[in-house]
Amino acid sequence: MIRMLVAESVALMRGGLVALLTGQLDCEVVAELDRGELILPAALVSRPDVAVIDEKIAGDEFRLVREMRCAVPGCGSVVMAYSHSPRRLREAVAAGADGFVGKESSPDRIAEAVGRVASGGKALDPDLAFSALAVTASPLTSREIDVLRLASAGAPDLEIASELYLAVGTVRNYISRAIGKTGARTRVDAIRKAEGAGWL
């Protein structure tokens, strides 16, 4: 029997995941959580075989997946993803995720992914995996990427400058270079192109 932890912030989604997985797999849900800070304490007590974790709960660069890998090494993790970003897939795998499945995936695909991870395998959404493989090398420098990421979150130039310890003029120069390198016309277009290419 698979011992499973389910972490999903939306109660309806969490209930649906639990019903789906217990209906299709021989499993016991040892913890149902709605917040990230509850995951590690619950996992240390319940020692699940698999943790099914919502992408948004997993934190920046899938911090909680990385922490779970260290604290409970026998527990596999499956990320339920909102995004179809090759960058997010690469970040999840780099953090130690064993599975990465889109939330819109069929119930059979989700159950298959959790079952595969529970038996020690890996499970990636095939469409996302091929997208990640098709990503071309980024022409952007790491600093240009940092600036575009903050700009994509809506930060104004002054805030970006403060966050990265740069002058406002330098921030504008990085954005101009990123616009040129991506073949964009505006900063919004540069962000869209960079995200679409998996560079952000």
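Start at 1 with the first residue, then count along the sequence.
A side-chain donor-acceptor contact under 3.5 Å links Ser46 to the backbone of Ala42. Side-chain atoms of Ser152 come within 3.5 Å of backbone N or O of Arg149 as a donor-acceptor pair. Checked by atom type and distance alone, the side chain of Arg116 never pairs as donor or acceptor with a backbone atom of Ala123 at under 3.5 Å. Formation of a donor-acceptor pair under 3.5 Å by the Thr22 side chain with backbone atoms of Val18 is found in this model. In this structure a side-chain-to-backbone donor-acceptor pair under 3.5 Å is missing from Glu159 to Pro156. A donor-acceptor pair is defined here as one N or O able to donate and one able to accept, closer than 3.5 Å; no such pair exists between the side chain of Thr170 and the backbone of Leu166.
The two residues Ile57 and Gly36 make their nearest non-hydrogen contact at CG2-CA, 3.5 Å.
In this structure, OG on Ser105 lies 5.5 Å from CD1 on Ile110, to the nearest 0.5 angstrom. In this structure, Glu8 CD and Leu33 CG are separated by 11.0 Å, a value rounded to the nearest 0.5 Å. With rounding to the nearest 0.5 angstrom, the CZ atom of Arg143 is 12.5 Å from the CG atom of Leu148. In this structure, CD on Glu67 lies 12.5 Å from OG on Ser77, to the nearest 0.5 angstrom. Here the straight-line distance linking atom CG of Leu164 with atom OH of Tyr174 works out to 9.0 Å at 0.5 Å rounding. Taking CG of Leu20 as the start and OG of Ser106 as the end, the distance is 9.0 Å to the nearest 0.5 Å.
Clustering ILVMFWY residues whenever any of their side-chain heavy atoms sit less than 4.5 angstrom apart, transitively, puts Val93 in the very cluster that holds Met68. Taken together through direct or relayed side-chain contacts under 4.5 Å among Ile, Leu, Val, Met, Phe, Trp and Tyr, Leu17 and Val50 form part of one hydrophobic cluster. Met80 and Ile39 fall into different hydrophobic clusters, where Ile, Leu, Val, Met, Phe, Trp and Tyr residues are linked whenever their side-chain heavy atoms come under 4.5 Å apart, directly or through other members. Residues Ile145 and Ile191 fall within the same hydrophobic cluster, defined by Ile, Leu, Val, Met, Phe, Trp and Tyr side chains chained together at heavy-atom separations under 4.5 Å.
A salt bridge is defined here as a Lys NZ or Arg NE, NH1 or NH2 lying under 4.0 Å from an Asp or Glu carboxylate O, and Asp54 with Lys103 meets this definition. Ion pairing of Asp60 with Arg63 is absent here, as no side-chain N (NZ or NE/NH1/NH2) approaches a carboxylate O to less than 4.0 Å. A salt bridge links Glu91 with Arg88: at least one charged nitrogen is closer than 4.0 Å to a carboxylate oxygen.
The environment of Lys122 atom NZ is dense: over 12 non-hydrogen atoms of other residues, nucleotides or ligands sit within 6.0 angstrom.
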